[in-house]
**Student:** 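Right, I'll just put the structure down here and ask away after.
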Number of protein chains: 2
Amino acid sequence: MQERETPDRRKQVAEAAARSFATFGYKGTTMDQVAKLAQVGKGTIYTFYANKEELFDEIMTGLIRDLRAVADETVDPKLPFADNLMNVLHRVLDFRDRHSLAVKLSQEVRDIGTPMAKEGLETLEKAIISYIARHVKEAADKGEIRPCPPELTAYMMLKMYLALTAEGRHLHEPLGKDEVLERFRFYCIEGLALR
Amino acid sequence: MQERETPDRRKQVAEAAARSFATFGYKGTTMDQVAKLAQVGKGTIYTFYANKEELFDEIMTGLIRDLRAVADETVDPKLPFADNLMNVLHRVLDFRDRHSLAVKLSQEVRDIGTPMAKEGLETLEKAIISYIARHVKEAADKGEIRPCPPELTAYMMLKMYLALTAEGRHLHEPLGKDEVLERFRFYCIEGLALR
DNA sequence: CGACTGACCAAAATAACAATTCGGTCAGTC
DNA sequence: GACTGACCGAATTGTTATTTTGGTCAGTCG
């Protein structure tokens with residue numbers, strides 16, 4: 001659809017912005033930067049996006065869409081809930097690059113508390129939780145797991161996942177991928193009680 | 001032991017400091033303030049404490065000691081692990097005033113990132129985790145719960161507790177005390193798997 | 001004496017102001 | 001008419017003046 005002679009400006013801008021946000025954070029990326037990275041005049045950016053905030057939203061939306069796609073193509077409706085959960089975690093854990101934007105943003109929130117970064121992260125969190133919640137609800141309806149409030153359960157799952165990976169590096173050494181999976185299954189699915 | 005005519009300066013100072021730290025945070029508390037609150041000359045404070053940091057440490061240590069005492073007197077070795085865990089949570093949840101210092105400090109860390117407040121909170125977290133970890137280890141040794149790394153387990157427990165109480169007020173309405181207990185038992189002890 | 005005080009000091013925090021950067025515009029080019 | 005980049009004012013950052021605060025100690029009082 002796209003000739004070599006007519007480069008897709010919008011795509012150039014979006015990709016440059018994605019790289020820049022992931023590398024320098026929200027505050028750290030300037031529109032001049034994005035323009036230069038995209039090899040585009042600054043004004044061109046504003047023909048596609050009303051302002052920096054809208055550009056950022058588009059990138060975040062893309063991230064959410066990509067994550068959802070990865071999850072969707074990993075989930076196999078024929079498999080048990082716990083297996084799907086593990087498989088999705090597995091793939092998400094592998095996707096270091098996809099994470100880098102989220103990692104950079106949460107670092108930015110911690111260090112300088114940029115409101116937009118915080119907002120973006122909250123949007124991402126909401127999206128993840130509602131995605132998980134949907135699957136939790138289905139699993140509960142099918143009787144694959146015990147009945148439980150889906151949103152709260154999804155929230156707890158996310159918190160456990162983060163506790164095992166991102167946070168708590170003070171306490172335990174960063175766990176390997178397999179350890180994370182094993183521990184997550186242990187604490188979240190199986191529980192501490194004797195079986 | 002203490003006559004009415006010879007008020008216990010040290011105690012006056014400690015109590016004034018505890019109130020002030022809980023009300024205004026670490027940074028918000030000035031030594032002049034503490035002196036005035038304690039009805040004591042500022043110099044007097046320094047006959048007991050080398051500096052503001054040491055005064056703060058004493059208050060934090062006191063908090064930890066009190067929490068531990070509450071926990072200890074609640075734990076009944078004859079009861080099962082899960083019951084003791086629930087009972088301690090129950091009492092700690094009631095102790096809103098004891099919490100207020102910790103609440104104020106974490107708020108301070110979030111808003112202005114005072115290093116001392118951060119440090120104090122970390123000390124508190126470490127103390128709580130090591131306390132829980134000891135009991136987890138005992139329970140595991142006695143075969144009351146499944147074998148697991150005590151420190152990591154304690155860490156996960158604390159994170160779940162916080163997710164159900166302090167954090168995540170964006171997502172779910174603040175849970176009532178009984179709901180917190182029920183949910184904690186559900187997610188932490190029993191697990192999502194069918195029994 | 002010695003417990004206690006509060007005026008005092010240097011250092012750190014804050015406010016006030018100047019210099020720079022950055023998001024956003026638009027006249028002009030190709 | 002798609003695209004550019006010099007340009008503008010608002011916002012951020014750097015700098016200096018002012019105030020606040022942790023900590024000291026000569027002096028008071030019992």
Side-chain angles (χ1 to χ4, degrees), chain A residues 1-18 20-21 23-60 108-109 111-120, chain B residues 1-18 20-21 23-60 108-109 111-120:
Chain A
M1 210 70 72
Q2 207 48 245
E3 298 294 332
R4 263 200 293 105
E5 310 304 3
T6 60
D8 185 346
R9 303 289 191 204
R10 186 178 237 272
K11 193 174 168 189
Q12 279 171 257
V13 170
E15 278 173 6
S20 185
F21 282 132
T23 312
F24 306 107
Y26 181 82
K27 188 174 178 188
T29 60
T30 70
M31 297 303 262
D32 281 300
Q33 255 252 25
V34 173
K36 195 176 289 179
L37 258 172
Q39 288 174 304
V40 149
K42 189 161 60 151
T44 304
I45 300 178
Y46 288 88
T47 63
F48 302 118
Y49 306 97
N51 49 41
K52 185 180 180 181
E53 197 172 320
E54 203 173 294
L55 175 59
F56 180 65
D57 282 346
E58 170 108 344
I59 303 304
M60 287 301 293
E108 188 178 348
V109 170
D111 294 347
I112 49 176
T114 315
M116 271 307 293
K118 199 172 184 175
E119 209 172 291
Chain B
M1 211 70 71
Q2 209 45 248
E3 296 294 333
R4 263 199 293 108
E5 312 302 5
T6 59
D8 185 345
R9 304 287 192 207
R10 186 178 238 271
K11 194 174 167 189
Q12 280 171 255
V13 171
E15 278 173 5
S20 184
F21 282 131
T23 311
F24 306 106
Y26 181 82
K27 188 174 177 189
T29 302
T30 70
M31 297 303 261
D32 281 301
Q33 242 231 36
V34 173
K36 195 176 289 178
L37 258 172
Q39 289 174 303
V40 149
K42 191 161 61 151
T44 305
I45 300 176
Y46 290 89
T47 62
F48 303 118
Y49 306 97
N51 49 40
K52 186 180 181 181
E53 196 172 324
E54 202 173 294
L55 175 59
F56 179 66
D57 280 347
E58 169 108 345
I59 304 305
M60 286 301 292
E108 188 178 348
V109 169
D111 294 346
I112 49 176
T114 315
M116 270 308 293
K118 198 171 185 174
E119 210 172 288

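In the text below, chain A, chain B and the rest are named by the order of the sequence lines, each starting its count at 1.
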**Student:** Within the 4.5 Å heavy-atom criterion, are A:F56 and A:K52 side-chain neighbours or not?
**Tutor:** no
**Student:** For A:F48 and A:D32, take the nucleotide of DNA chain D holding the closest heavy atom to each; which residue's nucleotide lies nearer the 5' end?
**Tutor:** A:F48
**Student:** Please find the pair of heavy atoms, one from A:A16 and one from A:L37, that lie closest to each other, and give the distance.
**Tutor:** CB-CB, 3.7 Å
**Student:** Do B:K52 and D:dG23 share a donor-acceptor pair, side chain to base, under 3.5 Å?
**Tutor:** no
**Student:** Where each residue is assigned the nucleotide of DNA chain C containing its nearest heavy atom, which of A:T29 and A:T44 is assigned the position nearer the 5′ end?
**Tutor:** A:T29
**Student:** Consider the side chain of A:R9, meaning its heavy atoms from C-beta on, and name the nucleotide among C:dG24, C:dT5, D:dC3 that approaches it most closely.
**Tutor:** D:dC3
**Student:** Grab the CD-P distance between B:Q39 and C:dC4 for me, whole Å please.
**Tutor:** 14 Å
**Student:** Over how many whole Å does the gap from B:K42 atom NZ to D:dA26 atom P extend?
**Tutor:** 16 Å
**Student:** For B:M31 and C:dA10, give me the distance from atom CE to atom C1', rounded to whole Å.
**Tutor:** 17 Å
**Student:** What's the OH-P distance between B:Y26 and C:dA12, to the nearest Å?
**Tutor:** 13 Å
**Student:** Mind calculating the distance between CD (B:E53) and P (C:dA12) to the nearest angstrom?
**Tutor:** 14 Å
**Student:** What is the distance, to the nearest angstrom, from the CG atom on A:N51 to the P atom on C:dG23?
**Tutor:** 11 Å
**Student:** For the pair made of CD1 in B:I45 and C1' in D:dG23, what is the distance, rounded to whole Å?
**Tutor:** 11 Å
**Student:** Using Watson-Crick or G-U wobble geometry with both distances below 3.5 Å, tell me the partner of D:dG27, or none.
**Tutor:** C:dC4
**Student:** Would you kindly give the NZ-to-P distance between A:K36 and D:dT4, to the nearest whole Å?
**Tutor:** 14 Å
**Student:** Below 4.0 angstrom from OP1 or OP2 of D:dA11, is there any side-chain N or O of A:K27?
**Tutor:** no
**Student:** Side chains of B:F21 and B:L55, heavy atoms from C-beta outward: is any pair under 4.5 Å?
**Tutor:** yes
**Student:** Once you round to the nearest 0.5 Å, how far does OH of B:Y26 lie from CD of B:E53?
**Tutor:** 5.5 Å
**Student:** Are A:R10 and A:V13 packed together at the side-chain level, in the sense that at least one heavy-atom pair is separated by less than 4.5 angstrom?
**Tutor:** no
